[in-house]
Amino acid sequence: MTELTDSVGDHWVPACGGTERPTRTRTGRTLLYMWNTTQGEHAYYDCERDIFLTDDEARAALALD
């Protein structure tokens, strides 16, 4: 299971109890939906770029807008 600790010490794990798997978007990015156990929030993680996306970036990557 992928677990990450970001620069401020938040602990991130794959969402859905750790069962979430990376997915390739229509825009060609590989994203993983993650859960922050420290802050109690979700975010998309870009597996290739090693960054968490903002909500706007995630919507664009998922072609939701």
Side-chain angles (χ1 to χ4, degrees):
M1 176 167 68
T2 301
E3 294 187 22
L4 300 169
T5 302
D6 67 14
S7 61
V8 293
D10 288 342
H11 183 246
W12 292 89
V13 296
C16 300
T19 63
E20 191 74 26
R21 298 285 179 231
T23 186
R24 176 77 71 183
T25 69
R26 289 182 276 175
T27 59
R29 294 169 87 170
T30 301
L31 303 181
L32 179 59
Y33 195 51
M34 305 278 291
W35 171 248
N36 182 328
T37 62
T38 307
Q39 298 292 322
E41 59 189 26
H42 287 95
Y44 280 96
Y45 173 73
D46 186 318
C47 298
E48 283 106 15
R49 295 183 179 138
D50 191 27
I51 60 169
F52 284 93
L53 303 179
T54 66
D55 289 342
D56 289 338
E57 290 170 332
R59 278 193 296 277
L62 295 166
L64 297 177
D65 289 338

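Please read these numbers as outputs of a predicted model, since none were measured by experiment.
Side-chain contact between L31 and T25 is present, with heavy atoms from C-beta onward closer than 4.5 Å.
Rounded to the nearest 0.5 Å, atoms CH2 (W12) and CH2 (W35) are 9.0 Å apart. Between the SG atom of C16 and the CE atom of M34 there is a distance of 12.0 Å, given to the nearest 0.5 Å. Here the CZ-CG distance, from F52 to L32, works out to 8.5 Å after rounding to the nearest 0.5 Å. One distance of note links CG of L62 with OH of Y33; it measures 10.0 Å at 0.5 Å rounding.
The salt bridge (Lys or Arg N to Asp or Glu O under 4.0 Å) pairs that include a residue from residues 41-54 are R24-E48, R29-D46, D46-R49, where partners are two or more places apart or lie in different chains.
H11 and T38 share no donor-acceptor pair across their side chains, judged by distance under 3.5 Å alone.
Not a single donor-acceptor pair under 3.5 Å links the side chain of Q39 to the backbone N or O of N36. Judged by distance alone, with hydrogens and angles left aside, the side-chain atoms of T27 form a donor-acceptor pair with the main-chain N or O of A61 at under 3.5 Å.
Partners of R26 by salt bridge (charged side-chain N to carboxylate O under 4.0 Å, His left out), not counting sequence neighbours: none found.
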